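Each chain gets a letter, A, B and so on, in the order the sequences are listed, and its residues count up from 1. Remember, predicted model here, so these are calculated numbers, not experimental data.
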Amino acid sequence: MKEELFLIVEEPIDVPALVKKVERREAGAITTFIGTVREWTKGKRTVYLEYQAYKPMAVKMMKVIDQEIKEKWPDTKIAITHRIGQLDITDIAVVIAVSSPHRKAAYEANEYAIERIKQIVPIWKKEHWEDGQTWLGDQLETVPYPSGKPIIKE
Amino acid sequence: MKEELFLIVEEPIDVPALVKKVERREAGAITTFIGTVREWTKGKRTVYLEYQAYKPMAVKMMKVIDQEIKEKWPDTKIAITHRIGQLDITDIAVVIAVSSPHRKAAYEANEYAIERIKQIVPIWKKEHWEDGQTWLGDQLETVPYPSGKPIIKE
Amino acid sequence: MITILLFAHLQEEAGKDYLELPLENITVEELKKTLKNDYSFTQMDQIMVAINEEFALSTDIIKQGDTVALIPPVSGG
Amino acid sequence: MITILLFAHLQEEAGKDYLELPLENITVEELKKTLKNDYSFTQMDQIMVAINEEFALSTDIIKQGDTVALIPPVSGG
């Protein structure tokens, strides 16, 4: 069975299993980014979060990010899993794992991936505060998309 | 029992346990760096590696790095475990986990930590090639220390 | 007839996760105008349109059988 | 008498992991010279000295009871 590198799941994410997906004999560095549900944001307390995705397109966009990364950092291998549904404080929402022969590319490609997820992957977060709830808009505050659409290639 | 954030061990490193050490309700981002034993380096094939440490000083120097990071990125929490002894290809030699309310600091502090480990933590790597073996010198190629000693504070 | 998938606050405002509209062979821009004027959708400026799981330009044409989705600013990660 | 811990290639060259030398109240620089001249240690320029688990300056003085270690360029990570 071909291992899926880009997934949207509804269950807790198995971090070591994701790391395993990018492990290679030629890789000396693996970076991971683990995005967790934070309790406090600018003085406001989150009780829980709800994530929704346009699943097939979200997976497709993660593969677009993979292609972009392969062009910029040719020796890297990347895997991403994003969880959706209801998540509590400290639950893991997203994990990105990148392997590379050398560490610099593993850091850079990983950070690039999370930035791009926040730009082009159709996943939405609903904050449930103590006193209300709201679907969050673009967290990058580049409202809306200046060029009329998210930049897919640079 | 107080959990040790900085360790030198001789057994395989438990990555999720290390991530757990830095997990906090106010943290939304955790980065990890996993340094693995690479098979090929500049066309030369490694069969296995051997790491040796001056253990008490290594732990002390990791705590120095912790202090440096706390000054530069006050909201971060970091844990480091380095394995020593004989390691085979793809085995994990070092894991660094950093948590932070926001991701930028988690990436920056993590990368800073691995750079500093390679500068001031007394751990040595012996490469066992197919046709010989050698203790590696300073991999940063800043031979020796220009100021007469490794820079402890910037 | 085209099917339009809704997400996040759009889904809650509409009370359902898709719309079926008697439209076709219109541009993305025309679709957004129609949604704003005839169906009272607000903040259409901030909404991207995807056709068959790809972000579409405002001049792209929506044809019979296309899967259209309204994509509010994303907030994953 | 001071005890000097050895690591990596120094340990292999000496065939043991520490030395006991009849020295004390000397500077780090003097220790390095002595090791080079009297004990045939090579590449002393690249070796750092730690006293009591802290990197020492070449002018620092080694006293009776100090734990001294020779630190070749490190290669962890």
Side-chain angles (χ1 to χ4, degrees), chain A residues 12-20 22-43 45-47 49 75 87-115 117-118 125 139-140, chain B residues 12-20 22-43 45-47 49 75 87-115 117-118 125 127 139:
Chain A
I13 301 170
D14 180 344
V15 178
L18 197 79
V19 169
K20 272 252 166 294
V22 300
E23 202 180 278
R24 295 172 297 155
R25 297 174 72 83
E26 65 269 34
I30 299 173
T31 54
T32 71
F33 174 81
I34 300 172
T36 59
V37 179
R38 189 175 56 224
E39 186 167 22
W40 295 95
T41 300
K42 292 174 187 158
R45 186 179 177 190
T46 298
V47 182
L49 288 186
D75 277 341
L87 274 78
D88 298 320
I89 307 303
T90 79
D91 278 355
I92 295 173
V94 62
V95 182
I96 303 165
V98 177
S99 69
S100 164
H102 301 283
R103 66 185 181 279
K104 194 77 195 163
Y107 281 110
E108 288 178 354
N110 198 305
E111 191 167 5
Y112 180 84
I114 184 67
E115 299 293 337
I117 287 171
K118 288 172 181 288
K125 176 158 75 176
Q139 298 172 286
L140 298 165
Chain B
I13 301 170
D14 181 344
V15 178
L18 196 79
V19 170
K20 272 253 166 296
V22 300
E23 203 180 276
R24 296 172 296 154
R25 296 174 72 83
E26 65 269 34
I30 299 171
T31 52
T32 71
F33 175 80
I34 301 170
T36 59
V37 178
R38 192 175 54 225
E39 185 167 23
W40 295 93
T41 299
K42 293 176 186 156
R45 186 179 177 189
T46 297
V47 182
L49 289 186
D75 278 341
L87 274 77
D88 297 321
I89 307 304
T90 80
D91 278 354
I92 295 173
V94 62
V95 182
I96 303 165
V98 178
S99 69
S100 165
H102 300 282
R103 66 185 181 281
K104 194 75 195 166
Y107 281 110
E108 287 178 356
N110 198 304
E111 191 167 3
Y112 180 84
I114 183 69
E115 299 293 337
I117 287 171
K118 288 172 183 287
K125 176 157 75 178
E127 289 269 6
Q139 297 172 288

Nearest 0.5 Å, what's the CG-CG distance between B/Asn110 and A/Asn110?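 Rounded to the nearest 0.5 Å, the CG-CG separation comes to 9.5 Å.
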Interatomic distance, CD@B/Glu111 vs CD@A/Glu111, rounded to 0.5 Å, equals 8.5 Å
Between B/Ala27, B/Gly35, B/Pro16, which residue shows the highest count of heavy-atom pairs closer than 4.5 Å to chain A?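 Top option by heavy-atom pairs under 4.5 Å: B/Ala27.
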Top of B/Thr31, B/Val37, B/Ile34, B/Ile89 for chain A proximity - count of heavy-atom pairs under 4.5 angstrom: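 Winner by heavy-atom pair count: B/Ile34.
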Does [X] have any side chain to side chain donor-acceptor pair (under 3.5 Å) partners at least two apart in sequence or in another chain, and if so, which?
X	value
B/Glu39	A/Arg25, B/Arg45
A/Glu23	A/Lys20
B/Thr36	none

Chain B contact residues among residues 94-102 of chain A, heavy-atom distance under 4.5 Å: A/Pro101, A/His102
Taking all atoms of both residues into account, what is the closest heavy-atom pair of B/Arg103 and A/Lys118, and its distance? NH1-CE, 3.3 Å
The ring-ring contact (aromatic ring centres under 6.0 Å, His included) partner of B/Tyr107 among A/Tyr107, A/Tyr112, A/Phe33 is A/Phe33
